[in-house]
Amino acid sequence: MVNKDEIISKFKEAIIIGDEEAAVRLAKEAIAAGLDAYEMVTKYGGEAMEVINKQYEEKKIFVPEVLLAANALSAAVEILKPHMKVEKTSIPAKVVLGVVEGDIHDIGKNLVKIMLSSAGFEVIDLGRDVPLQKFIEVAKQEKADVVGMSALMSTTMPGMKKVIDMLKDAGIRNKVKVIVGGAPVTEEWALSIGADARPKDASAAVGITKQLVEKLRKERGDSW
Amino acid sequence: MGEMTPKKRALLCITGNKKKADRISCFDVLTTATVDQMNAVKAPFPDAHRDPELCFRLAAAAWEIIGLEGFKLPFDLCIEAEALGCKIHWGRIDRHPSVEAPVFNDLEEFKVPEKIIEMGRFPIKHGVEERLRREYGDYLPIANQVTGPFTVAGHIFGIERFLIWTKKKPREKIEEVLRLIADINIEDSKEALRSGADVICIADPSATSDIISPQFFKETLVPIYKYMVRKIGAPVVLHICGNTMAYLPYLPDTEIDAFSADAQVHIGFAKQVLGDRVAIVGNVPTISVLLLGNPQTVRKATIEAISQGVDVVMPSCGIPPRTPTENFKAMVEAARCWVYV
Ligand code: B12
Ligand SMILES: [Zn+2]
């Protein structure tokens, strides 16, 4: 009899130390042992990434270790995905995420993507140096719940305000929540341009985005 | 000793001998170009990166328009990656060039073409350095900037992939590649010194401790910088962006003359850690003060940097292109008023 708890704790450990092979092996063991694939990803994968993010915040580890952990988790997700029984109610919220036009700094954005997707969000990654119009187009097309923008330069920050104005002009500002981030983006500035929140880092982004989506669902329902 | 010139002053200050100078130097070894200067001398980005005449005019504007006490080339961090085969996005008047995509998929694929410093924009840079020396004589110093090995590795392999390799691949392989890039930097520096440059600035923004660990810095990067300093044989300034406080204790081992500290570094603290082993330059905040402040806040920040003990007054990082001239000039003027008694 395989010990399920042991698989789970080894699985988390493999992700935390960024051991891709072990994470894949344990994902397979988890399925064989009848563990729920969806829970493996969103709950235990998410918990492991929370540990990672905390260590990163405390400067116990640095970006390379975070990337390794993320790789291990995505490899495990590939194994687990075909076994996930997605129920209607658990359809994850959609986040359209990108680095605004003129800015190629995407390390922070990628961390946010990792954390949001490991927490169960469906992240549509527009990449970096994204033409502003693209945020609006994709948000509409995908009926997104959240638009997330990143900027690392004072010269590209104003692009965020433009996107928010464009969402208003397109008449869809109330259909989505807007989160913004990046080292130079302050909370005060973010609110002044009409964003809903400026989570200070990738782990804060998870909690805040969850709250915003709940609020959004109450305000606008599931319809777009 | 002869008459004090900006060049003599800069070289004294940058090597930690500011007490022997008449006053502190205000020489910027990071990017000096702003949109105001481009308009004033009719040499805008992106053309000024590739046209020798425009490049010369814009480099000279640092002194002619702002009064910075020296010249610095180039204006961007992409020369090495470009010569190694990366496609460059040239940016626009207020946007620096950037690398579009990596060119090598693995460490093994990496190869340095022969005579690389005769390729791409290296010859333009060295040519402009030569012309600056010719036209301005020995009065002002010239800094030649090289993009540091870690940042170039990020450009040519993709920064995230390279970061992962620092954990997964044998450390010797990583070091070997960084050393090959360092060799390009060394060759470039030697040619620059022959062309008239006096100071070499290694700008390695991606080596920030916002990204990599102090341990990696100490074990892998410090020996590389030291190798470079020894081979270059001229005053070397190292610039790393962001919060580098955790690196300070290891800096003397690099044997650099000066460290250019970003705004997040507390100069008083850095001075206590480093004593007179490494000079500290820079530190006038680029964004909050030079770009977004006014002449008064600039003067205040400059005087603060000087009283904390900086050895050369400079912006804390590359100057944002939209920095107003009156702010940039206020920094120079405040530095010029500072006389040692
Ligand atoms: C690494 C780096 C680079 C790398 C980028 C590699 C890459 N693929 O990203 C390279 C070397 C290519 C580069 C190039 C340039 N850079 Co640069 N770079 C940096 C550096 C050192 C670190 C940035 C970083 O990755 N931090 C680590 C990550 C994890 O942190 P983060 O991005 O802040 O993200 C966290 C939070 O902010 C938040 N977050 C981020 N985004 C979002 C989004 C949402 C929705 C949410 C909720 C949260 C969130 O969560 C993240 C994780 O917790 C910074 C300085 C610094 N120390 O910050 C300069 C810096 C950003 N660069 C700067 C500059 C000027 C440039 C260049 C123009 C330089 C040049 N002359 O060529 C170029 C061109 C860039 C361009 N056109 O975009 C300046 C910007 C100044 C300004 N005007 O504002 C900085 C600030 C350096 C400085 N002190 O002046 N750079
Ligand atoms: Zn910098």
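Chain naming here is simple, since letters A, B, ... match the order of the sequence lines and numbering starts at 1 in each. Quantities reported herein were computed from a predicted structural model and do not represent experimental measurements.
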At a 4.5 Å cut-off on heavy atoms, which part of [X] comes close to chain A: side chain, backbone, both, or neither?
{"X": "B:Glu100", "value": "backbone"}
{"X": "B:His96", "value": "neither"}
{"X": "B:Ser288", "value": "neither"}

Greatest number of heavy atom pairs closer than 4.5 Å to chain B - which of A:Ile104, A:Asn110, A:Thr156: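 It is A:Asn110.
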Hey, is [atom1] on [X] packed in by over 12 heavy atoms from elsewhere, all under 6.0 Å?
{"X": "A:Lys168", "atom1": "NZ", "value": "yes"}
{"X": "A:Glu142", "atom1": "CD", "value": "yes"}
{"X": "B:Lys169", "atom1": "NZ", "value": "yes"}
{"X": "A:Glu188", "atom1": "CD", "value": "no"}
{"X": "A:Lys177", "atom1": "NZ", "value": "yes"}
{"X": "B:Glu108", "atom1": "CD", "value": "yes"}
{"X": "B:Gln296", "atom1": "CD", "value": "no"}

Test side chain to side chain contact (heavy atoms under 4.5 Å, CB included) applied to B:Glu160 and A:Asp106, step by step: CA-CA 10 Å; B:Glu160 291 181 13; A:Asp106 59 358; 4.1 Å; yes
Most heavy-atom pairs under 4.5 angstrom with chain A, which of B:Ile287, B:Leu291, B:Ile211?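 Going by pairs under 4.5 Å, I would pick B:Ile211.
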For chain A, which candidate among B:Asp94, B:Thr166, B:Val99, B:Asp210 shows the most heavy-atom pairs at distances under 4.5 Å?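 Result: the option with the highest number of such pairs is B:Asp210.
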Supply the atom-to-atom distance A:Ile107 CD1 to B:Ser206 OG, rounded to the nearest 0.5 angstrom. 6.5 Å
Quick one: closest heavy-atom pair of B:Lys167 and A:Glu65, and the distance? NZ-OE2, 2.9 Å
Which heavy-atom pair separates A:Phe62 from B:Pro214 by the least distance, and what is that distance? CZ-CD, 3.3 Å
For the backbone of B:Ser213 and the side chain of A:Lys59, can you confirm whether one donor and one acceptor N or O come within less than 3.5 Å of each other? no
Below 4.0 angstrom, N of the basic side chain to O of the carboxylate: do A:Glu20 and B:Lys168 qualify? yes
Of the backbone (N, CA, C, O) and the side chain (C-beta and beyond), which part of A:Leu67 lies under 4.5 Å from a heavy atom of chain B, both, or neither? both
With only heavy atoms counted, which part of A:Asn71 is less than 4.5 Å from chain B, the side chain, the backbone, both or neither?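 Looking at A:Asn71, just its side chain touches chain B.
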